[in-house]
Amino acid sequence: MTTAAAPHAMPHAGHGPTSFWRKYIFSTDHKIIGIQFLFVSLFFLLVGGILAMQIRWQLGFPGRPMPGGGILPETMAPGGVILPEYYIQLVTMHGTFMVFFAIMPLLVGVYANFLIPLKIGAHDMAFPRINMASFWAAFLAGMIMLAGFFVPDGPSRAGWTMYAPLSASAEYSGVSTGQILWCLSIVVLGLSSILGSLNYITTIINNRAPGMTWFRMPLSVWALFITAILGLLALPVLSGAGIMLLFDQTIGTHFFDPAAGGQALLWQHLFWFFGHPEVYILILPAMGMVSDIISNGSRKPIFGYHSMVFAIVAIAFLGWIVWGHHMFVSGMNPTLGSTFMVSTLAIAVPSAIKTFNWMGTMWRGNLRFHVPMMNAVGFVSMFVIGGLSGIYMAATPLDMFIHDTYFIVAHIHYVLFGGSLFALFGAFTYWYPKMFGRMMSERWGKIHFWLTFLFYNATFFPMHILGMGGAMRRIYDPTQYDFLKPYQPLNQFISISAFLLFATQIIFIVNFVGSLFRGKKAPANPWDDNGLEWTLPNPAPHGNWEKPPTVYRGPYEFSSPEVAEDYLPQTRKLPTDREPVLAPAAGD
Amino acid sequence: MHWWLPLQASTFAKPIDGLFVAILIITGIAFVVVEAGLIWFIFRYRQRPGRKAYYTHGNNRAEVIWTTIPAVTVVVLGLFSNHYWVQIKGRNSVPPNAYPIGIHAKQFEWRITYPGADGKLGTADDFTVRNQLHVPVGRPIEVHLSSEDVIHSFFVPQLRVRQDVVPGMDIKAWFQATVTGDFELGCSQLCGMGHYKMRARVTVHTQADFDAWMKATQEGAGS
Amino acid sequence: MTHAAVVSAMRPPFPAERGVDVYNKKLGMWVFLASEIMFFTALIGSYVILRFGAPAEWALPGKVLNIPVTAFNTFLLICSSVSMVKAYAAISHGDQKGLRMWFGLTILGGAAFVGVQVYEYTHLIRHGFLPSGFRDGSELAELAAANPIVYGQTIAGLYGSTFFTMTGFHGFHVTCGVISMLYLYITRVLPGKYTKDDHAGVEVVGLYWHFVDLVWIILFTIVYLI
Amino acid sequence: MDTAHKHPNYILIWVYLAVLTALELGLAFELPISRNLKLVLLMFLAIWKALLVAMYFMHLKFEKWNLRILFIIPLPLAAILILAVITEHIW
Ligand code: HEA
Ligand code: HEA
Ligand code: CUA
Ligand SMILES: [Cu+2]
């Protein structure tokens, strides 16, 4: 049914800038910027993955020379044997790259940029040049972070959470330059995120197409909108804290230095006040895109649209008042601990709403298992495990036992890999045709999904067992502890699964890169979807629509009895539809 | 290898493990409902030619149900765990007869100060040993935690006790061992490159053995 | 006529301005200011928290810092805020001359503020007040040694850390403001590019400028007077 | 730009601000009042001034709620952060 949209989709060659530099490098086109983010963050995802493999080698086979580790310098791994200080750097940088430079830009940088204008019917972002600045700032931040590996003493050694005073003094951690680079990079990244967020917020509020009222927006746009608000308000706190940490290291201030009256816990409060909203930045867009994909795959309207929106808002709001759950045993006031426990547990409620609405959407649907749908269902099933393990930790007395153990590591990876990354694998495949005009291979996509699903669970599920046994995080050599020695076979099993998991990702890389050149040419609307983006040719031209599309309904009208097909694009005018009033005020 | 929680060696173990089991049951039910539902839907509703999905935008009764049930569950759960939390970490939770032990953490060792014969810290007969925590069984122990440099964390899995040791703060934590035996005290907060080997032996004695150990060590150290 | 045609006829080229009835640049600036609030929350919040939890009393107001000079500086910034809003009022009546005068005055006020702050900093540093506390052997260090309570000797390090970080970042914001206003002055105000109906730049940079003023009002009170 | 027509008397606001600043300055000297009272008064004056700037110079008084809310959202967050961490020191 693409014909209905044809009047709006007028490909216009020569409209955009033509020189290579203006078109692909310093582009202000939101789609190109999204694609730039995509390549850069996939690179960092790969970097994070390679670091993870070294972590797993050391944990599975402590003290043995790592295959290929010989190329590392003496200061990191003499003869391929990982040193304790290098191990900490691996963990620190793995967490940092994955959170700040892979998942966050993949979700927000790529999909907020790419999808928001396409899905609300705008020509571009409200401030295209600020958008470009946001990308280049993020790129710069990534390079600064990466540079840490090449300076004397290497990158930071304080964990991705950078707890002061360890991070605040070279005397304690043993690195100065690398630590300074970490702070600088985070400040620049903060700036980039703020610029990005203000763009997304303004665009969504002001630049919606006629008829695209608030409650006709796809849930992905809703999620990205709320995420942008979180980013806008959370990142400056991290920047501020990062600056204070930087000053503690460089100009001798004493914010986090107890000897001079500073407070070690202040860092933790600031970091987690940012940090918890941050983890919702890492999941909400994934939830939004999964909602879109599940509705499409089920050929059924999303179940409980309004409660889904409400749940997103509730999660975001509650996200601000739970940060203390990372600090239950930090020496924080125990009464505060009780408060934070209650607010943390409360988040289970909106999360339950989301989970059950996804299930409600699939119920009595007509499920099409294309690759995005498989990944989306994988997301729901895995995110639930991660979310439920959060309940153990939210219970304060229990957290006293499992805090900083592998139980937490399992939680992290169930929500971030099982959650965000599965959603992303779905999203990559789903919007690939819109980005590149070709399809990714269906067959290899399915193989990749199943193998990833298998090895991913084999890698991370046993970590719960380790955690229950009391195995601490960030331990270079678990065999130091007698009570952990018996767990070594399990550690080896995890490591081997992790290597296989990594190897599986090669399928994705080949599929992704290969399809750029030899993928099947994409039909106009490959997933029979209702979204505005599919009224445009693949890939969409610069400026998107010649004339703004008019929107007549919400994005989830699948299997509507009004039409014969099982989908009904947002732009298709039925005889019963009225023209939208010109400028809908906020909130309809 | 152990597939379950470690040995229960302190009074905290019962409530904490009980809570674990309770949450395991709650989340287990939620888990089974979700996963079984998903699998069922995947098979039951997979695409078949000529069928159309059931067109609905939702159902308010269903929303109310799956909002209320989790809400009530977490409220109850919160009440229970807060009850134990107050007993374990609450501000007045340390029993008055608790036996004080000073623990000073520094990169990368534990300095453990015993009160000596008079049972009070900060007096002349105190003595300090490195990386050895000896405690009597069946008696509440109050550890005074302090740090020289960075944040460390006092963690003994079998005793189910953990408390961060923060420089500039004077933190008190308590526990009461219920069985004798040898355990390990691990540092569970990243504190530098030696973090992984910052551990100490924990020995839980009978009171008589503890007194004997104390006497022997004090003479050895005091001379 | 189709709807789309109506739209493009009425609001060329694209109906960008819906939602809150505020044009993009202004909305964007407000959104940006919301994030600035959180940035200053981190800095000011840390100050409040550190001061509240400090093991000793802060130095008494006016002992280390020079209140009269800063009060004058506060007044300068308030004046430049007024001149900014006068510039905006002028151009919204199409008054080019008024715009040029008031906008110019604003820049001057901002620059003077930065100048006074630089003077204040050099003065303080010369007397021995550094981000790390009182410099050993300096005038301030001796005074503090003689009178540890009045000068909050034991926590001078915190005093220095918070003072320089907060006022420094505020000064940085003022500097950015001055530079961007100067840029606008040269490229748009002097050539007369702003008109009665199109002066978004003045309004938007004005919002930023007032915000910076607002932050200073808070900072002046909590850093210098309390 | 419909605010163009309702410009308040800016000079009056300026006088207000100047007077309030002078008052603050007066409070900075040693006075026979308790420190806490002084603190409250100073904060009161500072917030009053800040509100004047926000309301008149930044025209929040003349904007609709949907814009005002932008400025307001961060404030409770800031308050939550500061209050929660402060309770650390009074337990
Ligand atoms: C995407 C990221 C993400 C997400 C979404 C979450 C979601 C949640 N997290 Fe997680 N968390 C992290 C990323 C994330 N977390 C990271 C990275 C860390 C470690 C940081 C570090 O220290 O390095 C961490 C650490 C962490 C801790 C600190 C542990 C410690 O260090 O001791 C806690 C404690 O409460 C916690 C709790 C929760 C809870 C309650 C949720 C909830 O939002 C989950 C809600 C979801 C569900 C509950 C499932 C769906 C609901 C149902 C099926 C209904 C039925 C359920 C019930 C009736 C209970 N998380
Ligand atoms: C998004 C977040 C994310 C992801 C995806 C991962 C992925 C993995 N992580 Fe983890 N991890 C964290 C976030 C993440 N991690 C965080 C925040 C911490 C805490 C850090 C700290 O304590 O400070 C942590 C800590 C952590 C530890 C604990 C270390 C310790 O405490 O001592 C371990 C140990 O096994 C581990 C292992 C792994 C493994 C084996 C993977 C595997 O899944 C990796 C598999 C490989 C890939 C996913 C890459 C594939 C690449 C592509 C698909 C790119 C394609 C490229 C192109 C097309 C160009 N991670
Ligand atoms: Cu001490 Cu880790
Ligand atoms: Cu959290």
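Residue numbers begin at 1 in each chain, while the letters A, B, ... track the order of the sequences.
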message: Can you classify the ring geometry of H57(B) versus Y55(B) as parallel (below 30°), tilted (30 to 60°) or perpendicular (above 60°)?
response: perpendicular
query: Is it the backbone or the side chain of V165(B) that comes under 4.5 Å from a heavy atom of chain A, or both, or neither?
result: neither
message: So for F80(B), is it side chain, backbone, both, or neither that comes closer than 4.5 Å to the heavy atoms of chain A?
response: neither
- prompt: Is it the backbone or the side chain of A564(A) that comes under 4.5 Å from a heavy atom of chain B, or both, or neither?
  reply: backbone
M472(A) versus chain B, the contacting section by heavy-atom distance below 4.5 Å: side chain
message: Which atoms of I65(B) are under 4.5 Å from chain A, going by heavy atoms: the side chain, the backbone, both sets, or neither?
response: neither
message: Report which part of I42(B) has an atom under 4.5 Å of a heavy atom belonging to chain A: side chain, backbone, both, or neither.
response: both
- request: Sort V34(B) into side chain, backbone, both or neither according to what part of it lies under 4.5 angstrom from a heavy atom of chain A.
  value: both
message: Please tell me whether R162(B) and S188(B) have a donor and an acceptor in their side chains that are separated by less than 3.5 angstrom.
response: yes
field: Which portion of Q189(B) sits near chain A, non-hydrogen atoms under 4.5 angstrom
entry: both
Options Y163(A), F483(A), Y86(A), ranked by heavy-atom pairs under 4.5 Å with chain B, top entry: F483(A)
- request: Identify which part of I465(A) has an atom lying under 4.5 Å from any heavy atom of chain B, answering side chain, backbone, both or neither.
  value: side chain
- prompt: How about H306(A) and F215(A): are their ring centres within less than 6.0 Å of each other?
  reply: yes
message: For D149(B), is there an ion pair with K106(B) - N to carboxylate O distance below 4.0 angstrom?
response: no
- prompt: How are the rings of Y99(B) and F210(B) set relative to one another: parallel (under 30°), tilted (30 to 60°) or perpendicular (over 60°)?
  reply: perpendicular
query: Residue by residue, which of residues 355-362 of chain A have a heavy atom closer than 4.5 Å to a heavy atom belonging to chain B?
result: T355(A), F356(A), N357(A), M359(A), M362(A)
- prompt: Do the numbers put R160(B) on top of the ring of F12(B), so that NZ or CZ is under 6.0 Å from the six-membered ring centre and no more than 45° off the axis?
  reply: no
- request: Would you check, one step at a time, whether the test side chain to side chain contact (heavy atoms under 4.5 Å, CB included) holds for F558(A) with D566(A)?
  value: CA-CA 5 Å; F558(A) 293 103; D566(A) 65 356; 5.6 Å; no
Distance-only side-chain donor-acceptor flag, D164(B) / H403(A), under 3.5 Å: no
field: Under 4.5 Å from a heavy atom of chain B, the part of E562(A) involved
entry: neither
- request: Hey, can you tell me if W213(B) and H134(B) have their rings parallel, tilted or perpendicular (30° and 60° cut-offs)?
  value: parallel
message: Ring-plane angle category for F407(A) and Y392(A), please: parallel below 30°, perpendicular beyond 60°, tilted otherwise.
response: tilted
query: Below 4.0 angstrom, N of the basic side chain to O of the carboxylate: do R111(B) and E109(B) qualify?
result: yes
field: Under 4.5 Å from a heavy atom of chain B, the part of A394(A) involved
entry: neither
message: Need one label for V384(A): side chain, backbone, both or neither, based on atoms under 4.5 Å from any heavy atom in chain B.
response: side chain
